[in-house]
**Student:** 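Following this message is one structure expressed as structure tokens.
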Amino acid sequence: MMIFTYIGTALRQLAHNKGRSALTMLGIIIGIGSVIFIMTLGEVAKNFLLNQISQFGTNVIEVGLPSSMGLDSSEDIQLSEDDVDTLYNSSLLPELTAISAGYSASESLEYNGETQTVTVWGDYPEYFDINHLKIVKGRFFNATDVTNASRVVVIDEKLARDVFHSTDVIGTRIKIGGTFLTIIGIMQEMNFGPGTFGMSMVYSPLSTVKQLYAPSEDMHVVSFLLIEFESGTDTQSFRNRLEYELRRSHDLLNTDEDPFMLFSRDQALSILDTVLVGIQTFVSAVAAISLLVGGIGIMNIMLVTVKERTKEIGLRKAIGAKNNSVLIQFLVESIVLTTVGGVIGIVLGLGLSSASVAIANMFQPDWGIAFVFVPEALIIACGVSITVGLVFGLYPAFKASKLSPIEALRYE
Amino acid sequence: MSTKTSEHHKKNVPLIQLKHLKKTYWNGKVAIPAVRDVNLTIYDGEFVALMGSSGSGKSTLLHMLAFLDAPTSGTYTFNGEDILEFQDDYLATLRNATIGFVFQQFYLLPRTTAIDNVRLALLYAGVKRTEQQKRAYAALCTVGLEERIYHRPNELSGGQQQRVSIARALVNNPSVIFCDEPTGNLDSKTAHEIMDILKKLHAGGKTIIMVTHDHTVARYAERIIHMKDGLISRT
């Protein structure tokens, strides 16, 4: 086949003009490399975050007030354990399966003469189930602990390692905010738990936290509700009904007030997706500019090549090359140039993205970020490389094909 | 020297017939007549030398004969076919299938072996790869380069390079070989070696049309056509 001969010639030309070819291909390499890099990393991030979020259960709506989110609240409206009863008993919310109600306090933890500040999270036992948390040793607190306001606490593995240098601490009594609590369970560490913010957290029954740490006016107040519902439920509809029920029970139906902040986790996923797509689009646009500039570079160098090899073109035509043969030869050359650049870009993009994943894993070994190979990116990269070569090689190749044989031979 | 009614003509078939052939170049608005009015008949199997000083129009005439350049006016009949009506691609096919070309500057592709240079002509003829190799090797044997088929042009002497280009002209088994100052870049000893090869090819039945300004080289031809100021001055 003639095409293989052309490809052979093109590769020889490329090898002969190594420096020039490399510089010419740079735009394509950068463009394709960044497309591969960003598409791969985007997919890696999406997979990772998706895993993280779904670990906590996605059929959940979080309810808070501006004050519990750290925002100013001029309202006197507060969430309380009464709301939990209201929601459980509501005929509007048949899909509701569980509610957790959290209240947190910042207290000092003393052990072996060392002191550190921790967030004590008081909640119902449902909290662990709704968030898909797993116990490593011992047990979670239960309904009886809540009823009795038992002085028990569940800590996570990280805190166990940091403070006790061991996970073998079930039954150990630690002093939190001046009161001794008994460790009854050690649970798996949460990477992106709701409201962790990097602060160490310990978990106790809501009643215990209220009794020990809450000011008297906060006795019935909770700051945060997690509402779990059956999977397969229309989230938006459930959310609307939930909000309606909250407003109704707080006598807000005839007012403009909108104090509740509802946040559904699966909507968080779609927000995340939108952000990632936005970033990918932006980087792709930058890559497109690089490819455009690279393509113009290719056109430029192909015009130089055609000039330099005018005699060769003349000779080829003199011994029988048709216009199309010359056109195809030079098109193949520019496509080979961009394809080789594209392949280098793909290798570079894959290398950079896997290196980034490796580095991220080095700094956060327990995150377990997985590299994702994106075949679509590869197909797009190859397609784009070939297209750039074709589009920007067309004019120089056309010029070459139209040369008159004798003028080309005489060209000095 | 031979005359128009040369007894050397193997057949009485005119291979090439030119009538009132003209070629005018334009330098801006100034017309430069390169070939003014040429009438010429060349028969199959002839060895013709075109002579003349530079600017006499001999090279322009050769290029038109070899389908490389289009005349401004006049008629050119090759093998009974009127050439002026043909398109680029048909002329390319014609150049590939019926003629061979030997140039003063050899015009070999650099960094390409002798055999690949020779194969180039077969590539455009659509000959199969194995066949290309076989025929290119045979052509290189004809010019005595069987020992150097994998040498690149920069590893060959001028005479050897010209032999490669003769092999390339031969490989498609053309009926006419056009030579444009084939010995112009060679010393006289090498020039005679090259001319001996051409003479052998002519003896084998090829029509050879050669442009030269060297009288000793022109003596190899059966017929010498002199040109001056774009016209045939003497035959």
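Quick note on labels: first sequence line is chain A, next is B, and so on, each numbered from 1.
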**Student:** Looking at B/Q87, I want to see if its CD is surrounded by more than 12 non-hydrogen atoms of other residues, nucleotides or ligands under 6.0 Å.
**Tutor:**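 No - once you tally the heavy atoms of other residues, nucleotides and ligands closer than 6.0 Å, there are 12 at most.
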**Student:** Kindly check if the number of other-residue, nucleotide or ligand heavy atoms within 6.0 Å of CZ (A/F371) is above 12?
**Tutor:**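 Counting neighbours around CZ of A/F371, more than 12 heavy atoms of other residues, nucleotides or ligands fall under 6.0 Å, so yes.
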**Student:** If you define the side chain from C-beta out and look only at heavy atoms, does anything of B/Y124 sit under 4.5 Å from A/R316?
**Tutor:**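 Answer yes - side chains close enough.
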**Student:** CZ of B/F78: more than 12 outside heavy atoms within 6.0 angstrom?
**Tutor:**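 Yes.
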**Student:** For B/Y25, is the OH atom crowded, meaning more than 12 foreign heavy atoms sit under 6.0 Å from it?
**Tutor:**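 Result for OH/B/Y25: enclosed.
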**Student:** Taking every heavy-atom pair that is under 4.5 Å apart, which of B/D88, B/D116, B/L108 has the most such pairs with chain A?
**Tutor:**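 So the answer, after comparing B/D88, B/D116, B/L108, is B/D88.
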**Student:** Working to the nearest 0.5 angstrom, can you tell me the gap between B/L120 CG and A/I319 CD1?
**Tutor:**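 If we round to the nearest 0.5 Å, B/L120:CG and A/I319:CD1 are 4.0 Å apart.
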**Student:** Which atom names give the shortest non-hydrogen contact between B/A92 and A/A321, and what distance separates them?
**Tutor:**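 Nearest pair, atom of B/A92 first, then A/A321: CB-O, 3.7 Å.
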**Student:** Any non-hydrogen side-chain atom of A/L315 less than 4.5 Å from a side-chain atom of B/F103?
**Tutor:**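 Heavy-atom side-chain distance check passes, below 4.5 Å.
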**Student:** Using non-hydrogen atoms and a limit below 4.5 Å, what part of residues 403-412 of chain A faces chain B?
**Tutor:**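 Near chain B, by residue number: A/P405, A/I406, A/L409, A/R410.
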**Student:** Against chain B, label A/K317 side chain, backbone, both or neither, depending on which of its atoms sit under 4.5 Å from a heavy atom there.
**Tutor:**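 Looking at A/K317, backbone and side chain both touch chain B.
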**Student:** Which one of B/R111, B/R129, B/H63 has the most heavy-atom pairs closer than 4.5 Å to chain A?
**Tutor:**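 That would be B/R111.
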**Student:** Would you indicate whether B/H213, at its atom NE2, is surrounded by more than 12 heavy atoms from other residues, nucleotides or ligands within a distance under 6.0 Å?
**Tutor:**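 For B/H213, atom NE2 is not crowded (no more than 12 foreign heavy atoms under 6.0 Å).
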**Student:** Which atoms of B/F101 are under 4.5 Å from chain A, going by heavy atoms: the side chain, the backbone, both sets, or neither?
**Tutor:**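 When you check distances to chain A, no heavy atom of B/F101 falls under 4.5 Å.
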**Student:** For A/K311, look at atom NZ and say whether over 12 heavy atoms of other residues, nucleotides or ligands are found less than 6.0 Å away.
**Tutor:**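 More than 12 heavy atoms, drawn from other residues, nucleotides or ligands, come within 6.0 Å of this atom.
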**Student:** Is the side chain of B/D89 donor-acceptor paired with the backbone N or O of A/K322 at a distance under 3.5 Å, no angle test?
**Tutor:**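 Here the side-chain-to-backbone pair does not exist.
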**Student:** Heavy-atom count check: over 12 atoms from other residues, nucleotides or ligands less than 6.0 Å from A/K46 NZ?
**Tutor:**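 Yes, the 6.0 Å shell around NZ holds more than 12 heavy atoms from other groups.
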